[in-house]
Amino acid sequence: NILVQEFTQLYQGKTLPPVTKQYKDYGLWQQTQFETDKFAQQEAYWATKFSDTIPVIDLPTDYPRPVNRSSNGSVVYSVLSQEQTHSLKSLARQTGVTLNMLLLAIYNVWLHRLTGQEDMIVGSPVSGRPAGFEHSLGMFANTIAMRNQPKGNLLFQDFLNQVKLNAVH
């Protein structure tokens, strides 16, 4: 979006504002974060969260998992109707969660139903763009490993509350 906006401004004969921060400044900012107390607290939290055995989701497939891992895969697209989207947004509002939290909980329950596993890790993309870099070009994204336990005897609302706590922590 930033690149398109800047091209549009240039095409209209406007002058772009001066660049105040570049991606290399982000790298320097990120390095300074590693030395803060907040980073040490976050590191301790994640070390505790993943201190025991890391679960591997064992999806039922038509062939065995290969010995050598690869990043090959595919994408499945699904479009929700306007009514479905409205219902999901309404449920998210009623339960005090974001739509992302609700969809993550639904996805975890679906994985639980496929695998029977009650401990799983799902990667969730997050923005890593700090304040002051709103107009800087660059890839400011990260993936957070969300570990949730969709137990079979747990009510969905209770599980959704657990997902919410994990997401905001």
Side-chain angles (χ1 to χ4, degrees), residues 1-7 21-36 38-81 84-85 88-89 92 97-152 154 156 159-160 162-169:
N1 285 343
I2 296 169
L3 191 59
V4 170
Q5 288 171 358
E6 288 184 357
F7 272 132
K21 294 192 180 199
Q22 297 179 3
Y23 197 78
K24 66 180 181 177
D25 297 317
Y26 171 73
L28 292 172
W29 170 84
Q30 196 172 37
Q31 282 181 320
T32 63
Q33 298 304 300
F34 295 144
E35 301 165 5
T36 64
K38 183 178 180 182
F39 179 81
Q41 291 170 354
Q42 290 175 346
E43 184 178 33
Y45 168 79
W46 289 107
T48 302
K49 192 80 171 158
F50 295 102
S51 63
D52 55 345
T53 305
I54 305 296
V56 175
I57 296 178
D58 191 20
L59 293 171
T61 60
D62 55 354
Y63 55 89
R65 186 184 292 262
V67 175
N68 297 324
R69 293 173 46 178
S70 81
S71 58
N72 296 337
S74 63
V75 177
V76 176
Y77 292 97
S78 180
V79 178
L80 299 176
S81 70
Q84 290 170 321
T85 303
L88 286 169
K89 287 180 177 180
V97 299
T98 65
L99 185 58
N100 185 56
M101 291 174 196
L102 177 61
L103 293 173
L104 180 61
I106 291 169
Y107 183 60
N108 274 258
V109 169
W110 179 70
L111 289 173
H112 167 70
R113 294 188 88 167
L114 279 176
T115 65
Q117 292 175 246
E118 294 186 337
D119 187 12
M120 59 189 62
I121 299 171
V122 174
S124 182
V126 295
S127 173
R129 189 179 296 266
F133 290 87
E134 294 86 0
H135 301 289
S136 300
L137 292 175
M139 182 63 174
F140 295 89
N142 201 352
T143 301
I144 292 183
M146 303 291 290
R147 188 171 193 172
N148 294 304
Q149 290 83 26
K151 305 215 183 285
L154 199 59
F156 181 75
F159 177 62
L160 183 57
Q162 288 179 6
V163 170
K164 178 181 179 179
L165 289 174
N166 277 343
V168 297
H169 194 261

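What's counted below: heavy atoms across the whole structure, side chains too, no hydrogens, waters or symmetry copies.
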Keeping the roles fixed (side chain from Q162, backbone from N148), state whether a donor-acceptor pair exists under 3.5 Å. no

Would you name the heavy atoms of M146 and A167 that are closest together and state the gap between them? CE-CA, 3.5 Å

Do you know the tightest heavy-atom contact between L137 and L3? CD2-N, 3.8 Å

For the backbone of R129 and the side chain of E134, can you confirm whether one donor and one acceptor N or O come within less than 3.5 Å of each other? no

S136 side chain to K21 main-chain N or O, any donor-acceptor pair under 3.5 Å? yes

F7, CZ: over 12 other non-hydrogen atoms inside 6.0 angstrom: no

What distance do H112 atom NE2 and L154 atom CG have between them, rounded to the nearest 0.5 Å? 9.5 Å

Determine the minimum heavy-atom distance between I57 and I121, stating which atoms define it. CD1-O, 3.8 Å

Over 60° means perpendicular and under 30° means parallel, so classify the ring planes of F140 and F133, tilted if in between. tilted

With side chain to side chain contact (heavy atoms under 4.5 Å, CB included) as the test, would you mind laying out the steps for F159 and V163 before giving the verdict? CA-CA 6 Å; F159 177 62; V163 170; 3.6 Å; yes

For N108, give me all partners under side chain to side chain donor-acceptor pair (under 3.5 Å), at least two apart in sequence or on another chain. none

Interatomic spacing from CH2 in W110 to OG1 in T115 - rounded to 0.5 Å: 10.0 Å

Short question: side chain of Q41, backbone of F39 - any donor-acceptor pair under 3.5 Å? no

Under 3.5 Å donor-acceptor, E118 side chain and G152 backbone: yes

Can you tell me which residue pairs pass the salt bridge (charged side-chain N to carboxylate O under 4.0 Å, His left out) test with a partner in residues 105-114, sequence neighbours excluded? none

What is the distance from atom CG of L80 to atom NZ of K89, rounded to the nearest 0.5 Å? 10.5 Å

What distance do L88 atom CG and L103 atom CG have between them, rounded to the nearest 0.5 Å? 6.0 Å

Between F50 and W46, how do the two ring planes meet: parallel, tilted or perpendicular, split at 30° and 60°? parallel

To the nearest 0.5 angstrom, please state how far the CD atom of Q117 sits from the CG atom of L59. 7.5 Å

The salt bridge (Lys or Arg N to Asp or Glu O under 4.0 Å) partners of D119 (sequence neighbours excluded) come to R147

Given I106 and L102, is the side chain to side chain contact (heavy atoms under 4.5 Å, CB included) satisfied, shown in steps? CA-CA 6 Å; I106 291 169; L102 177 61; 4.0 Å; yes

Rounding to 0.5 Å, atoms CE (M101) and OG (S124) come to a distance of 10.0 Å

